[in-house]
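Basis for what follows: all heavy atoms, side chains included, without hydrogens, waters or symmetry-related copies. Remember, it's 1-based here, ligands and their atoms both numbered in the order they're listed.
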Amino acid sequence: MEFIKVTEQKEPFVALIELNRPKELNALNRQLMEEVRDALQQLDKNDLVRVIIITGNEQAFAAGADIKQMADKTAIDMLMIDQFSTWDQIRKTKKPIIAAVSGFALGGGCEFVMTCDMVIASETAKFGQPEIKIGTIPGAGGTQRLTKAIGKAKAMELILTGRFLSAEEAFFYRLVNKVVPKEMYLYEAFQLAKEIAQLSPVAVQLAKESINRSFETHLDEGLTLERKNFYLTFASEDQKEGMKAFVEKRKPDFKGK
Ligand code: CAA
């Protein structure tokens, strides 16, 4: 594992996955997501693990999908690479996953948090879907999950402007379970994990599946539309300009083409 660290038994029955590309603010390249997928599949089969915590570092949970890896791709490249099939496998994890978030959770980072089951946030956490600023849209479930989580008006505002939510706002809009001081977010995530880990793993798994079913009816259809529209932005000059401008550290000049 190059981009994640897995600790199987930091506490009884609780495993920890740490995203570990600190210089890139844990930007989610394809290899990192494949490593997460592989780790989750193994932990799902491991009887000594009942609850999984996913975290980044103090500065960033993750600042999004890796823009440098995508910048020059065409819509057809994106379709053929099919990076989100890995995400589909991640969301099939049967055991509960708690995201412990400090710093940036943006774009794919915010979508990754919303793919988890519960969220403990440090007071420094910042959530957002800023894809619009680089000429594209969320592609890993943001238009669907954020809308279900915080409601249409606020989701529109965040996705159409790229504004961020502070941890307190994220709590207010029910995106996160709890906000704690930055020294405490991992500790609190472990407290929640340990409480769940004492209960029947069978009942916990069935409860998770049932809750997700209520939440995810129609999700597949929504994800498919979002994914296709995300790929379609890669046919525009604006996506090329937006991502190029990010890499070159300048303001993009969008032409509507
Ligand atoms: N992809 C690739 N590299 C990234 C990145 C990303 N998403 N986010 C940050 N980085 C890199 C930066 O390029 C920089 O690398 P260099 O030192 O080599 O230049 C390093 O991480 C540190 O970043 P900054 O210097 O930009 O740090 P900052 O503190 O000034 O700004 C930030 C922090 C506001 C999070 C800024 O980095 C940022 O805006 N990042 C991009 C956020 C974004 O647009 N995310 C959406 C991506 S698209 C997506 O996720 C699609 C999808 O739905 C799947």
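Of the protein's non-hydrogen atoms, the one nearest atom 25 (O) of ligand 1 is Lys249 NZ, 4.0 Å. Nearest non-hydrogen protein atom to atom 8 (N) of ligand 1 is Ala63 CB, 3.5 Å. Nearest protein heavy-atom contact of atom 1 (N) of ligand 1 is Ile67 N, 2.9 Å. Remark: minimum distance from atom 20 (C) of ligand 1 to any protein heavy atom is reached at Lys23 O, 3.4 Å. Nearest protein heavy-atom contact of atom 46 (C) of ligand 1 is Gly107 CA, 3.9 Å. If you check which protein heavy atom lies closest to atom 10 (N) of ligand 1, you get Glu24 O, 3.8 Å. Of the protein's non-hydrogen atoms, Phe246 CE1, 3.6 Å is the one closest to atom 38 (C) of ligand 1.
Heavy-atom proximity to Pro138, at under 4.0 Å, picks out these atoms of ligand 1: 53 (O). For ligand 1 and Gly108, the ligand atoms under 4.0 Å from any heavy atom of the residue are 49 (C), 50 (O). Near Gly139, with a cut-off below 4.0 Å to any heavy atom, the atoms of ligand 1 are 52 (C), 53 (O). Atoms of ligand 1 found under 4.0 Å from any heavy atom of Leu106, numbered from 1 in the order shown, are 35 (C). Each of the following atoms of ligand 1 lies closer than 4.0 Å to a heavy atom of Phe230: 51 (C).
By the 6.0 Å contact criterion, CZ on Arg37 is enclosed, its count of non-hydrogen atoms from other residues, nucleotides or ligands being greater than 12.
Within the set Gly109, Ala27, Ala105, the minimum heavy-atom distance to atom 3 (N) of ligand 1 is found for Ala27. The closest non-hydrogen atom to atom 22 (C) of ligand 1, taken over Val247, Ile132, Leu28, Leu25, comes from Leu25. Taking only non-hydrogen atoms, the option from Glu131, Arg227, Met243 nearest to atom 51 (C) of ligand 1 is Glu131. When Lys68, Gln59, Gln69 are checked for heavy-atom proximity to atom 18 (O) of ligand 1, Lys68 turns out nearest.
Under a 4.0 Å N-O distance rule, the pair Asp117/Lys208 qualifies as a salt bridge. Ion pair Asp253/Lys255 flagged as a salt bridge, since at least one NZ, NE, NH1 or NH2 atom sits closer than 4.0 Å to an Asp/Glu carboxylate oxygen. Using a cutoff of 4.0 Å between basic side-chain nitrogens and carboxylate oxygens, Lys154 and Glu157 are scored as salt-bridged. By the 4.0 Å N-to-carboxylate-O rule, Glu248 lies close enough to Lys244 to be salt-bridged with it. Using a 4.0 Å cut-off between charged nitrogen and carboxylate oxygen, Arg21 and Glu24 count as a salt-bridge pair. The pair Asp88-Arg227 meets the salt-bridge criterion, since a charged nitrogen lies less than 4.0 angstrom from a carboxylate oxygen. The residues Glu188 and Lys178 are annotated as salt-bridged, a charged nitrogen and a carboxylate oxygen being separated by less than 4.0 angstrom. Between Arg250 and Glu241 there is a salt bridge, since a side-chain N of the basic residue sits under 4.0 Å from a carboxylate O of the acidic one.
Within the 4.0 Å heavy-atom cutoff, Gln83 does not count among the residues contacting ligand 1. Judged by the shortest distance from any of its heavy atoms, Pro130 lies inside the 4.0 Å radius around the atoms of ligand 1.
For a threshold of 3.5 Å applied to N or O pairs, the pair formed by Glu111 and ligand 1 contains at least one separation below that value. Looking at Phe164 next to ligand 1, no N or O pair under 3.5 Å apart turns up. When only interatomic distances are considered, the shortest N/O to N/O separation between Gln129 and ligand 1 does not fall below 3.5 Å.
Under a hydrophobic-cluster definition in which Ile, Leu, Val, Met, Phe, Trp and Tyr are linked whenever side-chain heavy atoms come within less than 4.5 Å, directly or via other members, Phe127 and Leu158 are assigned to the same cluster.
Judged purely by atom type and a 3.5 angstrom limit, Glu8 has no side-chain atom pairing as donor or acceptor with the backbone of Val49.
Taking the six-membered ring where the residue is Trp, the centroids of Phe84 and Phe230 are separated by under 6.0 Å.
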